[in-house]
Number of protein chains: 2
Amino acid sequence: MIHFSINKALFLQALNATKRAISSKNAIPILSTIKIEVTTSSITLTGSNGQISIENTIPVSNENAGLLITSTGSILLEANFFINIVSSLPDHTLDFKEIEQHQVLLVSGKSEITLKGKDIDQYPRLQEVTTTDPLILETKLLKTIIAETAFAASLQESRPILTGVHLVLTENSDFKAVATDSHRMSQRKIQLEHKANNFDVVVPSKSLREFSSVFSEDIETVEVFFSASQILFRSENISFYTRLLEGNYPDTDRLLTDQFETEVVFNTSELRYAMERAHLISNATQNGTVKLEITSDVVSAHVNSPEVGKVNEEIDVVSQSGTDLTISFNPTYLIESLKALKSETVRIHFLSPVRPFTLTPGEESENFIQLITPVRTN
Amino acid sequence: MIHFSINKALFLQALNATKRAISSKNAIPILSTIKIEVTTSSITLTGSNGQISIENTIPVSNENAGLLITSTGSILLEANFFINIVSSLPDHTLDFKEIEQHQVLLVSGKSEITLKGKDIDQYPRLQEVTTTDPLILETKLLKTIIAETAFAASLQESRPILTGVHLVLTENSDFKAVATDSHRMSQRKIQLEHKANNFDVVVPSKSLREFSSVFSEDIETVEVFFSASQILFRSENISFYTRLLEGNYPDTDRLLTDQFETEVVFNTSELRYAMERAHLISNATQNGTVKLEITSDVVSAHVNSPEVGKVNEEIDVVSQSGTDLTISFNPTYLIESLKALKSETVRIHFLSPVRPFTLTPGEESENFIQLITPVRTN
């Protein structure tokens, strides 16, 4: 029967990180609980929504935890409810004691709270991943790659494979992340410093965004492990599992070409704010588009939404070259692309009014490229 | 046909204040617009949801407005949409020009945006209030009174009169504000420094909360005017109208008594946090209550929610006197009462387990009193 005492603030932090995997409205009710496992050396908290699982370990050796384990055991507690209770406790320290089968007494200051729990036998077994030969990545770099690609994945379940980000390692060091929803695409390449085993997986973009929330940048590196159906991201205290998507990812390389007829370099934020104004008007019409007019003298944006109004606007450019061109597209795609670009300027290559155009950072190489499909207008 | 130019930031601030009266999902579609009236000396913005109306005036004399009026007129524009457009404009200055009937051209930097508006003839006439003999109140004081009482008004429309706050002036200087939902009551009294005309009105608590959001504390005083069906709060640039509730407000004075058997003085925040813990458990049961046990030795709180768990907790008191008593009540009422009390300590007077108990600030006089009805338990 469990008995331990712990620093409340640190325990709460670990509970909240674990809770990110827990949905209170899960179709499987037992997944709304948090699993607490106490051994002589550590406490492990587990949460899962069936898609993502998080394991959070607080070792006795962590001096900030003030963790004193008197007796071991394991229990399930309603996650949201338990976390609210813990955060409301009056004292810095929490004494957690199982007083009878699946009944827990929390003592903090002059508060005594008794909670009913459940047997851990009811908790589903989470799939396991063999933890050998890790791929080691900097957390910051991995979070950057996710921010640069995951937004371009599809939100629609009609083609499930497109809701994921395609992560591929070839030649033991050529890493590529790519996402597309068939209207736009975003691809980041990186050369790994250390060789690793090749892989080719599709990870749900939602899981990757969740990973970015759970792994803060003070966790310097992440170990990545693969199984046939899962991927595991692991740091010293946190293990983050997510299911992989099944199926073949489309060949996105064939979409990319070096050809272009028109090149314009914009200031990233100026272009973004112009598109946000355009979007306000275009959004009032169904499938509203913005028309970009590029001539040798001036670049301008135009939206005409008969019921609401129109926008005409000149956009400052850093440089432009090539043939004149008029192209229409959904400004939302361009806004989201520009948000993902951290560079001060953006280089856009156009081929024709009906062919996708590409965006690359103005200052940099070709390791980050985005592609947006225009809308045909008459 | 309107034509003016104005400082964008100041214009946006006035638009946003006016927008507080506008609901985008109004049953009367025309009320989702903002009315803009331009005279030679000022711009007036008007928004209304039928219940509350706000008029915001920007005079040419306001140096921060950079207001240059070339031509006068008036127009209606879709409020949310127009405000989003204005806030997206690139330059510090906005040029606003009516280019043809009900069509407006906004120019800011290199952006030109054309919007369709409507004729002001379609806008309903807002009821008028005669502006003579104002009651003058400090904004800060009025906001305090609202914070101390409005929360205790009913949210249920079954007895509409109880959704309001009863404001009464007698003897030309005895001001009283009181709200009750029939389970609890909150009453603040104030002695006015300057004599004013007596009044007796019931103002929707929702309108008063909206007033508090619109009138910031840098507006030092507010003029208050009454008509048979409306109240007007007016500062230099803002007029805030709200409808009054019709009907007789119940006689709340008869609920108050000086008798008590038990007195306990608590630290306000300690009692509040104890009640918040109790509420977490009581809330898991329908109509959950907390039981407060007062003996000469110790004050303790107990909640027992069979399915979820229980709380037992000793509460530190500043002082206590009188007979022992056990009383049950809904902890939410006490939590909300304590939030409304700004004093460090709270004095609670109990008469019996079935009679309402009163809360007054620990340090202060009897100008602010709250009352909570207990729950009978077996």
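Residue numbering restarts at 1 for every chain, and letters A, B, ... go by the order of the sequence lines.
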Report summary line: Heavy atoms of Leu280(A) and Phe81(B) approach each other most closely as O-CE1, 3.0 Å
Requested in this report: Tell me, yes or no, whether the heavy-atom count around Lys291(A) atom NZ, taken from other residues, nucleotides or ligands under 6.0 Å, exceeds 12.
Outcome: no
Report task. Counting only heavy atoms closer than 4.5 Å, note whether Ile281(B) contacts chain A via side chain, backbone, both or neither. Result -> both
Report task. Among the options Leu106(B), Asn84(B), Val308(B), pick out the one with the most heavy-atom pairs lying under 4.5 Å from chain A. Result -> Val308(B)
Report summary line: Nearest heavy-atom approach of Arg277(B) to Leu89(A) is NH1-C, 4.0 Å
Query raised in the report: Of the backbone (N, CA, C, O) and the side chain (C-beta and beyond), which part of Glu270(B) lies under 4.5 Å from a heavy atom of chain A, both, or neither?
Result: neither
Report task. Check each atom of Gln103(A) against the heavy atoms of chain B and say whether the ones under 4.5 Å are side chain, backbone, both or neither. Result -> neither
**Report entry** CD/Glu336(B): more than 12 non-hydrogen atoms of other groups inside 6.0 Å
**Finding:** yes
Report summary line: Under 4.5 Å to a heavy atom of chain A? For Glu314(B) that would be both
Requested in this report: Please say whether more than 12 non-hydrogen atoms of neighbouring residues, nucleotides or ligands are located less than 6.0 Å from CD in Glu263(A).
Outcome: yes
Query raised in the report: Just how far is it from atom OG of Ser88(B) to atom CD of Glu276(A), taken to the nearest 0.5 Å?
Result: 8.5 Å
Query raised in the report: Looking at Pro306(A) and Lys116(B), what are the two nearest heavy atoms and their distance?
Result: O-NZ, 2.6 Å
**Report entry** Derivation and outcome, side-chain contact (heavy atoms from CB on, under 4.5 Å), residues Asp316(A) and Lys110(B)
**Finding:** CA-CA 9 Å; Asp316(A) 287 329; Lys110(B) 290 180 178 174; 2.5 Å; yes
